[in-house]
Amino acid sequence: MSELISGKIISAQINDELRQEVDLLKAKGIEPCLAVVLVGEDPASEVYVRNKKRTCEEIGIKSIGHNLSKTTTQKELETLISTLNDDPAVHGILCQFPLPEGLDETSVILTISPEKDVDGLHPFNAGLIAMGKPRFISCTPYGVLQMLKRSSISTSGKNAVVLGRSNLVGRPIATLLSSKGWDATVTVCHSRTDDLAEVTSQADILIAAIGIPQFVTEKMVKKGAVVIDVGINRIDDPSKAKGSRLVGDVFFEEVEAKAAFITPVPGGVGPMTIAMLMVNTVNAARWQNGLAELNI
Ligand code: NAD
């Protein structure tokens with residue numbers, strides 16, 4: 001049986017540490033503040049935004065919500081973001097994606113000041129990651145790294161295979177794991193990879209971020225591997241009251257018998273993503289006040 005890496009437990013530890021850091025900052029007259037912009041009424045986005053605001057509250061970070069109607073124009077949205085860029089009391093800006101149809105996400109990402117880009121999506125921050133000098137790391141990749149670090153899993157010299165090459169998850173994880181300090185030998189797989197199982201079964205560390213329920217089966221995993229499941233997928237399950245349940249990209253029930261470490265879904269990478277948004281917000285407040293980043 002494998003050891004479970006619990007994102008619930010690790011994120012709670014990080015949030016506890018942040019609470020103390022925020023108290024110290026407040027004693028210095030600095031109140032970390034996150035502006036959260038939501039456009040439209042997508043129910044999943046509303047849940048994500050609610051969870052982010054609640055976590056801010058628990059830690060003592062001020063959150064300011066801007067709920068805009070789905071008829072908001074690109075210009076109105078970007079004018080709001082420019083106002084937030086110029087407001088010294090706001091340290092971090094998050095615009096919840098996906099945006100309603102007709103609005104351009106890339107243009108919004110480019111409008112957010114790289115200094116306040118706590119989601120780590122601006123090309124300036126992605127570029128710093130590529131140069132091996134990360135500043136804001138996007139929250140899900142950052143959460144994956146913290147899970148490895150806080151579980152004392154060494155990545156140096158290990159074969160890491162990343163399934164998925166999205167700008168949000170797969171690509172930054174692969175870049176970070178291959179960078180100095182993490183020092184893994186990284187292979188990136190995607191929908192055109194030949195003989196995927198052959199590649200994944202060489203992995204000491206396997207990271208699945210493709211968005212296909214239970215795709216990674218036991219025969220794709222090397223015995224004793226570390227398996228990190230980023231996927232969040234809803235599948236039908238008539239035995240549940242809701243008629244469905246959440247699963248990852250990994251067939252957990254099969255793979256847990258073979259892996260040395262595995263993350264569950266839910267309760268794995270998901271809660272880490274919000275915790276790392278909080279870390280980025282506190283760091284934004286620190287950097288904007290001339291302080292060094294947290295030692296997380
Ligand atoms: P995406 O759709 O942008 O990218 C998926 C990637 O998987 C693509 O690069 C594609 O090439 C690759 N892929 C697709 N089919 C494949 C196949 N058969 N074999 C190999 N590779 C294949 O998705 P994303 O935004 O990177 O998200 C991936 C998953 O992670 C989703 O389930 C998403 O819900 C989840 N996610 C979770 C969190 C979290 O907080 N835990 C955050 C972001 C995304």
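Counting starts at 1 for both ligands and their atoms, following the listed order. This one's a predicted model, so the numbers in the text were calculated from it and none came from an experiment.
- Of all the listed residues (L196, I173, I210), I210 holds the heavy atom that lies closest to atom 7 (O) of ligand 1.
- Atom 15 (N) of ligand 1 has its nearest heavy-atom neighbour, among V199, V269, I212, in I212.
- With salt bridges taken as basic N to acidic carboxylate O contacts below 4.0 Å, one links D237 and R245.
- Counting heavy atoms from C-beta outward, C56 and M278 have side chains that approach closer than 4.5 Å.
- Counting heavy atoms only, S191 comes closest to atom 10 (C) of ligand 1 of the residues P172, S191, G231, G270.
- Salt-bridge formation is detected for the pair D16/R19: a Lys NZ or Arg NE/NH1/NH2 atom is positioned less than 4.0 Å from an Asp or Glu carboxylate oxygen.
- In this structure, V230 counts as a contact residue of ligand 1, since one of its heavy atoms falls inside 4.0 Å of the ligand.
- Each of the atoms 26 (O), 43 (C), 44 (C) of ligand 1 lies under 4.0 Å from some heavy atom of V169.
- The closest protein non-hydrogen atom to atom 3 (O) of ligand 1 is S166 CB, 3.4 Å.
- A salt bridge is absent between E101 and K70; no separation between the charged side-chain nitrogens and carboxylate oxygens falls under 4.0 Å.
- If you check each of T273, V216, V188 against atom 39 (C) of ligand 1, the one with the closest non-hydrogen atom is T273.
- Close contacts of ligand 1 with G211, meaning ligand atoms under 4.0 Å from a residue heavy atom, involve 28 (C), 29 (C), 31 (C), 32 (O).
- The F215 neighbourhood of ligand 1 comprises atoms 18 (N), 19 (N), with distances under 4.0 Å to a heavy atom of that residue.
- Donor-acceptor pairing under 3.5 Å is lacking for the side chains of S154 and S156.
- Side-chain atoms of E46 and L38, non-hydrogen and from C-beta on, do get closer than 4.5 Å to each other.
- Listed by atom number, the atoms of ligand 1 under 4.0 Å from G164 heavy atoms are 6 (C), 7 (O), 9 (O), 12 (C).
- Atom 34 (O) of ligand 1 has its closest protein heavy atom at I232 O, 3.4 Å.
- Contact of the T72 side chain with the S69 side chain is registered, since non-hydrogen atoms from C-beta on lie closer than 4.5 Å.
- Counting the atoms of ligand 1 from 1 in the order shown, those under 4.0 Å from a heavy atom of A209 are 5 (C), 6 (C), 7 (O), 26 (O), 28 (C).
- By the criterion of a heavy-atom distance under 4.0 Å, the side chain of N233, and not its backbone, is placed next to ligand 1.
- If you number the atoms of ligand 1 from 1 as listed, the ones under 4.0 Å from a heavy atom of H190 come out as 11 (O), 19 (N), 20 (C), 21 (N), 22 (C).
- At the shortest separation from atom 8 (C) of ligand 1 among protein heavy atoms lies R165 N, 4.0 Å.
- Between the side chains of D42 and S45, a donor-acceptor pair is found at a separation under 3.5 Å.
- Under a 3.5 Å cut-off, the side chain of K149 and the backbone N or O of I296 do form a donor-acceptor pair.
- A salt bridge is absent between K53 and E57: the closest approach of a Lys/Arg side-chain nitrogen to an acidic carboxylate oxygen does not fall below 4.0 angstrom.
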